[in-house]
Amino acid sequence: RVEVWDWWHPKLRQLTFHAGASWEGIEERKGLQFVALAREIEGAVPVFDFWHSRLRQLTFHTGEPWEHEERKGLQFWAFPDPGPGRVPVFDYWHPKLRQLTFHT
């Protein structure tokens, strides 16, 4: 298992989330968001980070890039469907921040 944290990225001026250490050594770690799978197991799918050139922000999801996105790196593994002991993570558009947010 891997802990996925909420981070403030001052250069991009946005919240992001990922496992591991601060990217570029400049992010400020905020809070634990959820625990994900650190490796592939049966039924799990990879979750990647993507750069969305139009929104100028990082996004995180499974599957192929959405329009205006470029796939970056594998972040963690997750189950695509609800099940016992699983908590879904959703993406939300935050109109005040004008960015996507991700949380349970």
Item to complete: Go through the structure and list residues passing ring pair (Phe, Tyr, Trp, His ring centres under 6.0 Å) with W51, not counting sequence neighbours.
Response: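 With sequence neighbours excluded, W51 shows a ring pair (Phe, Tyr, Trp, His ring centres under 6.0 Å) to no residue whatsoever.
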
Any salt bridge (charged side-chain N to carboxylate O under 4.0 Å, His left out) pairs touching [range], not counting sequence neighbours?
range	value
residues 36-48	none
residues 50-61	none
residues 9-27	K11-E24
residues 57-79	E64-R71, E70-K72

Heavy-atom pair with the smallest gap, counting every atom of [X] and [Y]:
X	Y	value
Q33	D6	NE2-CB, 3.4 Å
H18	A21	CE1-O, 3.2 Å
G43	P80	O-CD, 3.2 Å

By side chain to side chain contact (heavy atoms under 4.5 Å, CB included), V2 pairs with (sequence neighbours left out) A19, A36, A38, F76

* Asked: With sequence neighbours excluded, what pairs up with P95 under the side chain to side chain contact (heavy atoms under 4.5 Å, CB included) test?
  ->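 For P95 the side chain to side chain contact (heavy atoms under 4.5 Å, CB included) partners, ignoring immediate neighbours, are W93.
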
Can you list the other members of the hydrophobic cluster that holds W7, where links are side-chain heavy atoms under 4.5 angstrom apart?
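Taking Ile, Leu, Val, Met, Phe, Trp and Tyr as members, W7 shares its hydrophobic cluster with W5, L32.
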
Discussion item. Clusters formed by hydrophobic residues whose side-chain heavy atoms approach within less than 4.5 Å: which one holds F48, and what are its other members?
Written reply: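 L37, I41, F50, L74, W77, F79, which link up through side-chain heavy atoms under 4.5 Å apart, make up the rest of the cluster.
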
Rounded distance (nearest 0.5 Å) linking atom CD of Q57 with atom OG1 of T16
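These two atoms lie 8.5 Å from each other.
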
NE2 of H9 to CG of L58, rounded to nearest 0.5 Å, is 7.0 Å

- Message: Under a 3.5 Å distance rule, please check whether R29 uses its side chain to pair with a backbone N or O of S22 as donor and acceptor.
- Response: no

- [ ] List for me each residue that meets side-chain hydrogen bond (donor to acceptor under 3.5 Å, both in side chains) alongside H52, sequence neighbours excluded, and say none if there are none.
- [x]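 Listed in chain order: nothing, the list is empty.
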
Sorted by chain and residue number, the side-chain hydrogen bond (donor to acceptor under 3.5 Å, both in side chains) partners of D49 (sequence neighbours excluded) come out as Q75

- Message: Would a single hydrophobic cluster contain both V87 and V35, if residues Ile, Leu, Val, Met, Phe, Trp and Tyr are joined by side-chain heavy-atom contacts under 4.5 Å?
- Response: no

